[in-house]
Amino acid sequence: MAVTFKSFAARLGAIDILINNAGFSEHPTLARTDPKAWQHDVNGNLNGAYYCAHAVLPGMKAKGGGSIIAIGSVNGLAALGDPAYSAAKAGMISLTQSLALEYGRFGIRANIVLPGTVRTPLWEQRTAKDPDVLAKLVRWYPLGRIVEPIDVARTVGFLASDAAAAITGVALPVDCGLSAGNIVMARELTLEDF
């Protein structure tokens, strides 16, 4: 018998904080993404977040509060490759803002963290294939480094805490400055003597 998200949430009891942290990219270009692949990536990156939020909202509403934090991506802000993944992450931003608008009156906050490249096992696999891949990426980040998992964890911890009690509907980049602008172009055009 299949377990639904609602029955899963009911088994867990009252949920104060939901962190939607599922994501993957298996189709890096539109040319390599057929309709079935598109649906797969959108289901895994966007629809799962909706189902989890849908499952916990009644309990949060009944108890008068809660915090939903999604882990999105800077790919949701700009075209950086992985089109199905990116479209799903853009959808997560809209979903998060919709949750904030509709459920704020019940004391439920919804925010989304938008990491840039994060040093994860996936990137370790890519580094095994191309040892220079991270060095190539780092030059795009104004802080001169990529994101570490602890950077994301600390941000999520803050957003889940009472210190962020007045913060909802925020799409917060945690990206070492990637979304601030094009540092490679800026260095070449205007900051070469800086």
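Just so it is clear, the structure is predicted and the values come from calculations on it, not from any experiment.
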Taking the side chain as every heavy atom from C-beta outward, state whether Ile69 and Asn20 have any atom pair closer than 4.5 Å. no

Are Ser86 and Asp82 close enough that a side-chain donor and a side-chain acceptor fall under 3.5 Å? no

Answer with yes or no whether the side chains of Asn47 and Asn43 bring together a donor and an acceptor at under 3.5 Å. yes

Please verify the inter-ring angle class for His40 with His27; under 30° counts as parallel, over 60° as perpendicular, anything in between as tilted. perpendicular

Answer whether the closest heavy-atom distance between the side chains of Ile112 and Lys89 falls below 4.5 Å. no

When clusters are formed by joining ILVMFWY residues with side-chain heavy atoms under 4.5 Å apart, either directly or through shared neighbours, do Val147 and Ile19 land in the same one? yes

Between Arg119 and Asp151, is there a side-chain N and carboxylate O pair less than 4.0 Å apart? no

Looking only at side chains, do Tyr103 and Thr168 share a donor and an acceptor under 3.5 Å apart? no

With the side chain counted from C-beta on, respond yes when Val133 and Trp123 share a heavy-atom pair under 4.5 Å apart, and no when they do not. yes

Check the surroundings of atom CG in Asp162: do more than 12 heavy atoms from other residues, nucleotides or ligands lie under 6.0 Å from it? no

How long is the gap from CG on Leu172 to CZ on Phe158, to the nearest 0.5 Å? 8.5 Å

Let me confirm one number: the OG1-CD1 distance from Thr117 to Ile146, rounded to the nearest 0.5 Å. 6.0 Å

